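Worth saying up front: this structure is predicted, and the values here are computed from it rather than measured.
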Amino acid sequence: MQRAWPERTGELSSSDLEEIYAYPEGLDRPWVQVNFVASADGAVEIDTTSAGLSHAADRRVFLLGRDLADVVLVGAGTARAENYRGVVAGPKRLERRRRLGFTTVPPIAVVTRTAELDPASRLFTETVVPPIVVTTDTADTRALEAAGAEVLRAGTEDVDLARALDLLAARGLRRVACEGGPGLFARLVADDLVDQLCLTVAPLLVAGTAGRIAAGAAPAAPRRLALASILVEDGFTFLRYRRDAG
């Protein structure tokens, strides 16, 4: 992988990528990075999942996002569609986590208004750390708690995402890697909670009826972002946008 902007360089090392994608130091609030891959014509999926759009370099950035984070945030629909399990890391990634001051892999935090998750799914049965279920005051979570989940209640009829992030931060989980889906991303945009977007553009034309990376709730006005870096490999483009401080 090479840097195309802001300055061109040769092949990037793992240390280079860690520096590029690092979260800010000394965070005193939740800081949300959203990671998505889309085709050149804007499709977010092929045959209902994002796997067909991905690439080895995209996977590398995706896993790095997890390695640098305190918690992985995902919507229930995406967790079901992608058959989520707990974060799995081999020796090299675990060594990186330890070097960065972590003791284990980050938990998966699933946002769900109803808590309608299968306690027998891989999310609960294939994980090193218990998942976190972020839900409402009225959701029945007894089966999920029996399966080992930690439950955070952040809202009455729907999940209040700002409140949810504050609850995660109160547990020391401030570096948030959001992996979608489009509905959750749209709500984060509408609530002005996105600090960074890491978008991989795949050199594919998909057409069809595939959705976009953010779909649903909209802000009163578009949120301005600043381009932070552009990386390239094998025709794939890795764009990183940050909240525009201006």
Contacts satisfying ring pair (Phe, Tyr, Trp, His ring centres under 6.0 Å) that involve residues 213-241 (not counting sequence neighbours) are His55-Phe236
Query raised in the report: Short question: side chain of Asp41, backbone of Val206 - any donor-acceptor pair under 3.5 Å?
Result: yes
Query - Student check: side-chain heavy atoms of Leu184 and Val34 closer than 4.5 Å - result: no
| query | Is there a donor-acceptor pair closer than 3.5 Å between any side-chain N or O of Ser39 and the backbone N or O of Ala43? | reply | yes
Tested for salt bridge (charged side-chain N to carboxylate O under 4.0 Å, His left out) against Asp195, the lone hit among Arg242, Arg175, Arg243 is Arg243
The single option from Arg240, Glu179, Gln196 that satisfies side-chain hydrogen bond (donor to acceptor under 3.5 Å, both in side chains) with Gln33 is Gln196
Just list the side-chain donor-acceptor pairs under 3.5 Å for residues 207-223, sequence neighbours left out, or say none.
| unit_1 | atom_1 | unit_2 | atom_2 | d |
| --- | --- | --- | --- | --- |
| Arg212 | NE | Ala214 | O | 3.1 |
| Arg223 | NE | Val189 | O | 3.1 |
| Arg223 | NH2 | Ala190 | O | 2.9 |

Taking C-beta and beyond as the side chain, do Leu239 and Ile230 meet within less than 4.5 Å on heavy atoms?
yes
Smallest heavy-atom separation, Asp118 atom then Ser121 atom, equals O-OG, 2.7 Å
Counting only N and O atoms by type, is there a donor-acceptor contact under 3.5 Å from the side chain of Thr127 to the main-chain atoms of Pro130?
no
> Are the side chain of Arg3 and the backbone of Leu12 linked by a donor-acceptor contact shorter than 3.5 Å?
Replying inline: no
message = If hydrophobic clusters are built by linking Ile, Leu, Val, Met, Phe, Trp and Tyr wherever their side-chain heavy atoms come under 4.5 Å apart, do Ile108 and Leu152 end up in the same one?
response = no
The complete set of ring pair (Phe, Tyr, Trp, His ring centres under 6.0 Å) pairs with one or both residues in residues 120-140, sequence neighbours excluded, reads none
>> Any side-chain to backbone donor/acceptor pair from Thr135 onto Thr112? Under 3.5 Å, distance only.
In response: yes
Given the options Lys92, Arg97, Arg96, Asp67 meets side-chain hydrogen bond (donor to acceptor under 3.5 Å, both in side chains) only with Arg96
Mark yes or no for whether Asn83, through its side chain, and Arg85, through its backbone, hold a donor-acceptor pair below 3.5 Å.
-> no
Taking every heavy atom of Thr78 against every heavy atom of Gly180, the minimum-distance pair comes out as OG1-C, 3.7 Å
Of all heavy-atom pairs linking Tyr23 and Val176, the shortest is OH-O, 3.2 Å
Applied to residues 164-216, the ring pair (Phe, Tyr, Trp, His ring centres under 6.0 Å) test, sequence neighbours excluded, yields Phe36-Phe185
Are side-chain heavy atoms of Leu117 and Val133 found at a separation under 4.5 Å? yes
Taking every heavy atom of Ala154 against every heavy atom of Arg163, the minimum-distance pair comes out as CB-CG, 3.7 Å
Would you check if Pro119 and Leu144 make a side-chain contact, meaning some heavy-atom pair closer than 4.5 Å? yes
Val105 side chain reached by Val129 side chain, heavy atoms, under 4.5 Å
yes
Please tabulate, for side-chain N and O atoms in residues 164-174, each donor-acceptor pair with protein atoms closer than 3.5 Å (sequence neighbours left out).
| unit_1 | atom_1 | unit_2 | atom_2 | d |
| --- | --- | --- | --- | --- |
| Arg171 | NE | Glu150 | OE2 | 2.7 |
| Arg171 | NH1 | Leu167 | O | 3.0 |

Of all heavy-atom pairs linking Gly75 and Val110, the shortest is C-CG1, 4.2 Å
For residues 84-118, the ring pair (Phe, Tyr, Trp, His ring centres under 6.0 Å) pairs (sequence neighbours left out) are none
- prompt: Going by heavy atoms in the side chains, are Arg60 and Leu17 under 4.5 Å from each other?
  reply: yes
